[in-house]
Amino acid sequence: MRENPQAVRAEDFSSARQSLAEAARRGGDVLAALPEPGQRSPEQRATAAAAKDAARALRCRFMDAHAEAVYDELTDGRTRHLRLAALAEAAAGAFPGLVPTADQLAAERLRPQAGKEGHEIDQGIFFSRVLRSPVAGPHLLDTMLRPTPRALRLLPEFIRTGSADLGSVRLQRTGGVARLTMCRDDCLNAEDDRQVDDMETAVDLALLDPAVSVGLLRGGEMTHPRYRGRRVFSAGINLKALHAGGISLVDFLLRRELGYIHKLLRGVLAVDGGRWHSPTIEKPWVAVVDGFAIGGGAQLLLVFDQVLAAADAYLSLPAADEGIIPGAANLRLTRRAGPRLSRQVILTGRRIQASEPDARLLVDEIAESDELDAAAERCLARLQSPAVVANRRMQTLAEETREEFLRYMAEFSLQQALRLYSDDVIGKAGRFNAKKVVLEADGG
């Protein structure tokens, strides 16, 4: 009698699941017997690393073999739409040992980056395999293009008033233009988990409001002593939050790329089912750079249809100095500016001044600061042509397919997690905190 292949696969899945849970328990017992990560001797660190490596190798093998079965179980055969955090939480409950539990993550959040166990690397393994799957990856991508519950809750009021103050982002609709102003004036619009949530909500509202035909993103006036009263676009990732352990792999680094930045590029997924001609609602976007666009700020510009910059502004991607991967910039900057300039900017930290010729590969128009408002209004008017949306959709398809983006993000999920807990990033965290102590002692 021939065996039922489906039954054999189910038995293999069940056995592998049990083996994973048992191996994770053994590894957890090893770590629990050691001092806290920051207090371990070299020998104890080696013991911890060996235990983690063994468990992670098993997680990789498990997900390589069963990613689609895992995802289908968590999403009820892809009938449920679980965003990143909810998916990770469900995986922790259904598959013990696969990803960290809520308690483990809560304990990690209380520690500085240098004192963490590195459980987020296990999340990186999980998401890398989910996104790599030709079945699970597209489903998760579509899930992340759906409007957030917060945006749907705020949408009726925004449609009625044309105004929303989300905290770190203000949104105002005037004349068919959704004007998003980043207003983290205390930290030069440096991004953290909070700002990612506010930005995604603002982008959703702008895309869902039928009275909006084009979006504008600009930085507000700062209260920071060095830039008081001046507009600034973005200082990138909030390094203070990163080194304090407050930047999350799932809620910041992955959500940012798969959430609002991807929505800027491809639009928000319509959930009412009434759009037979296109599943997404897309609109053109304009960015105006005052002061500088550093790191994550420069990454943002790569998905905008038009970028304007003040003549004295500059762009930079100091990824090598920060020690982490600059989002999807490795994918997009090469296509915008070519491999040579991309390597100079990302690998060596080259700063691009708006006034130099190479800036025209990244910026569409340069204007003096007092002429920037008028230049922005002219650009917004041009992008309200009825043919713009269809043509930008075709250009996006030609420049970056969903399959290419998924392949990149699958690798990014793991490599960025590894970078967060690499020795050089941990070392930078220590130097940052030491410098901060000195500055505070000196009254700086």
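Cation-pi geometry between R17 and F95 is met: the NZ or CZ atom falls under 6.0 Å from the ring centre, inside 45° of the normal.
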(message) With side chain to side chain contact (heavy atoms under 4.5 Å, CB included) as the criterion, how do M222 and D185 come out once you've worked through the C-alpha distance, each side chain's angles and the decisive distance to 0.1 Å?
(response) CA-CA 4 Å; M222 299 292 104; D185 56 308; 4.3 Å; yes
(message) As a quick check of understanding, evaluate side chain to side chain contact (heavy atoms under 4.5 Å, CB included) for D197 and R255, giving each step before the final call.
(response) CA-CA 9 Å; D197 183 65; R255 177 181 175 181; 2.9 Å; yes
(request) Evaluate side chain to side chain contact (heavy atoms under 4.5 Å, CB included) for R129 paired with D64, printing each intermediate quantity in order. (result) CA-CA 7 Å; R129 270 55 181 186; D64 285 341; 2.9 Å; yes
(request) Please assess R78 against T75 for the test side chain to side chain contact (heavy atoms under 4.5 Å, CB included), listing each intermediate value before the final yes or no. (result) CA-CA 5 Å; R78 284 166 277 133; T75 61; 3.9 Å; yes
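No donor-acceptor pair closer than 3.5 Å links the side chain of T181 to the backbone N or O of C183. At distances below 3.5 Å, at least one donor-acceptor pair connects side-chain atoms of N189 with backbone N or O atoms of R184.
With rounding to the nearest 0.5 Å, the separation of CG in L362 from CG in L302 is 7.0 Å. In this structure, L315 CG and Q299 CD are separated by 11.5 Å, a value rounded to the nearest 0.5 Å. One finds the CG atom of L333 at 10.5 Å from the CD atom of Q344 (value rounded to the nearest 0.5 Å). We find the NZ-CG distance between K116 and L105 to be 9.0 Å, quoted to the nearest 0.5 Å. Atom OG1 of T148 sits about 4.5 Å away from atom CG of D204, to the nearest 0.5 Å. From L217, atom CG reaches atom OH of Y260 across 7.5 Å, with rounding to the nearest 0.5 Å.
Under 4.0 Å is where a charged nitrogen must lie from a carboxylate oxygen, and between R336 and E399 at least one such pair does. In this structure, D209 does not pair ionically with K283, as no charged nitrogen and carboxylate oxygen lie closer than 4.0 Å. Between D198 and R150 there is a salt bridge, with a side-chain nitrogen of the basic residue lying less than 4.0 Å from a carboxylate oxygen of the acidic one. By the 4.0 Å N-to-carboxylate-O rule, E282 lies close enough to R392 to be salt-bridged with it.
L300 has its side chain within reach of L264: a pair of non-hydrogen atoms, C-beta onward, lies under 4.5 Å apart. Counting heavy atoms from C-beta on, the side chains of W285 and V303 never come closer than 4.5 Å. Contact of the M144 side chain with the R83 side chain is registered, since non-hydrogen atoms from C-beta on lie closer than 4.5 Å. Taking 4.5 Å as the limit, some side-chain heavy atom of I247 sits within range of a side-chain heavy atom of D192. At a threshold of 4.5 Å between non-hydrogen side-chain atoms, the residues I352 and L361 do not count as touching.
Applying the salt bridge (charged side-chain N to carboxylate O under 4.0 Å, His left out) test to residues at least two apart or on different chains, the pairs with a partner in residues 322-333 are R332-E400.
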Distance-only check: which donor-acceptor pairs under 3.5 Å involve side-chain atoms of residues 44-54, not counting sequence neighbours?
| residue | atom | partner | partner atom | Å |
| --- | --- | --- | --- | --- |
| Q44 | OE1 | S41 | N | 2.9 |
| Q44 | OE1 | S41 | OG | 3.4 |
| R45 | NH1 | R40 | O | 2.7 |
| T47 | OG1 | E43 | O | 3.1 |
| K52 | NZ | E117 | O | 2.7 |
| K52 | NZ | E117 | OE2 | 2.9 |

For residues 18-32, please give each side-chain donor-acceptor pair under 3.5 Å, one per line with the distance, not counting sequence neighbours.
| residue | atom | partner | partner atom | Å |
| --- | --- | --- | --- | --- |
| Q18 | NE2 | E22 | OE2 | 3.2 |
| S19 | OG | S15 | O | 3.1 |

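Using bins of under 30°, 30° to 60° and over 60° for the plane-to-plane angle, the ring pair H66/F62 lands in the tilted bin.
If you check the side chains of R266 and T396, you find no donor sitting under 3.5 Å from an acceptor. Checked by atom type, the side-chain pair Q415/E411 shows a donor-acceptor distance below 3.5 Å. Judged by distance alone, the side chains of D424 and S422 do bring a donor and an acceptor atom under 3.5 Å apart.
Not counting sequence neighbours, the partners of L397 by the side-chain contact (heavy atoms from CB on, under 4.5 Å) test are M394. Looking at residues two or more places apart in sequence or on another chain, you find a side-chain contact (heavy atoms from CB on, under 4.5 Å) between P339 and T334, R343. Listed by chain and number, the residues in a side-chain contact (heavy atoms from CB on, under 4.5 Å) with A417 are I121, L249 (sequence neighbours excluded).
Within 6.0 Å of atom CD in E89, 12 or fewer heavy atoms from other residues, nucleotides or ligands are found, so the atom counts as exposed in its surroundings.
Put simply, the residue from E68, H81, R80 that forms a side-chain contact (heavy atoms from CB on, under 4.5 Å) with H139 is H81. A side-chain contact (heavy atoms from CB on, under 4.5 Å) with L140 is found for one member of L131, L406, L82, L145 and no other, namely L131.
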